[in-house]
Asker: 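Take this structure, written in structure tokens, and hold onto it; I'll ask about it next.
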Amino acid sequence: QVHLVESGGGLVQAGGSLRLACAASGRTISRYAMGWFRQAPGKEREFVAAIAWNGGSTDFAQAVKGRFTISRDNVKNTVYLQMNSLNLEDTAVYYCASRSLRYYDTTTDPIDYAYWGQGTQVTVSA
């Protein structure tokens with residue numbers, strides 16, 4: 001069992017940046033692919049980014065490509081989401097998630113992630 005806690009959300013003006021962090025406890029995440037998802041009011045949860053267990057590959061939703069980066073520090077047991085050039089459409093609750101199967105590839109489907117954080121709110125203002 002792993003416990004995930006997101007931080008770093010907040011209110012930012014359009015064009016600004018935020019860095020989200022996802023700290024894991026309970027077990028190491030070093031052997032598991034990790035993902036970030038988001039959910040805006042009235043919308044379904046959607047994939048944002050994912051990173052392989054060793055950081056060797058990443059995947060991004062088309063809407064955030066070129067603006068967001070995902071990274072991980074397996075020593076600190078933490079995953080990060082750097083968000084640049086934020087726009088109004090990025091406003092959402094952002095969730096961190098972990099796959100439960102070791103060494104499996106990244107995936108964009110939330111059903112493939114077994115563990116979730118409580119989320120952190122990101123609000124982008126005009």
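Along the sequence shown, residues carry numbers from 1.
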Asker: I'd like to check the side-chain hydrogen bond (donor to acceptor under 3.5 Å, both in side chains) partners of Asp90; sequence neighbours left out, ordered by chain and number.
Answerer: Arg38, Arg67
Asker: List for me each residue that meets side-chain hydrogen bond (donor to acceptor under 3.5 Å, both in side chains) alongside Glu89, sequence neighbours excluded, and say none if there are none.
Answerer: none
Asker: Going by side chain to side chain contact (heavy atoms under 4.5 Å, CB included), name the residues that satisfy it together with Thr28, two or more places apart in sequence or in a different chain.
Answerer: Ser30, Arg31, Asn77
Asker: Considering residues at least two apart in sequence or located in another chain, which fulfil the side chain to side chain contact (heavy atoms under 4.5 Å, CB included) criterion with Ala14?
Answerer: Val124
Asker: ring-ring contact (aromatic ring centres under 6.0 Å, His included) with Tyr32: which residues, sequence neighbours excluded?
Answerer: none
Asker: Using a side-chain heavy atom cutoff under 4.5 Å and only I, L, V, M, F, W and Y, what cluster partners does Tyr103 have?
Answerer: Trp53
Asker: Not counting sequence neighbours, which residues clear side-chain hydrogen bond (donor to acceptor under 3.5 Å, both in side chains) with Asn74? List them please.
Answerer: Arg72
Asker: Residues in ring-ring contact (aromatic ring centres under 6.0 Å, His included) with Tyr115, at least two apart?
Answerer: none
Asker: When clusters are formed from ILVMFWY side-chain contacts under 4.5 Å, directly or step by step, what else is grouped with Leu101?
Answerer: Tyr104
Asker: Can the ring centres of Phe47 and Trp36 be said to be less than 6.0 Å apart?
Answerer: no
Asker: Check ring-ring contact (aromatic ring centres under 6.0 Å, His included) between Tyr80 and all other residues, then give those that pass, not counting sequence neighbours.
Answerer: none
Asker: Not counting sequence neighbours, which residues clear side-chain hydrogen bond (donor to acceptor under 3.5 Å, both in side chains) with Arg27? List them please.
Answerer: Ser98
Asker: Does anything in residues 88-126 form a disulfide (SG to SG under 2.5 Å)? List the pairs, not counting sequence neighbours.
Answerer: Cys22-Cys96
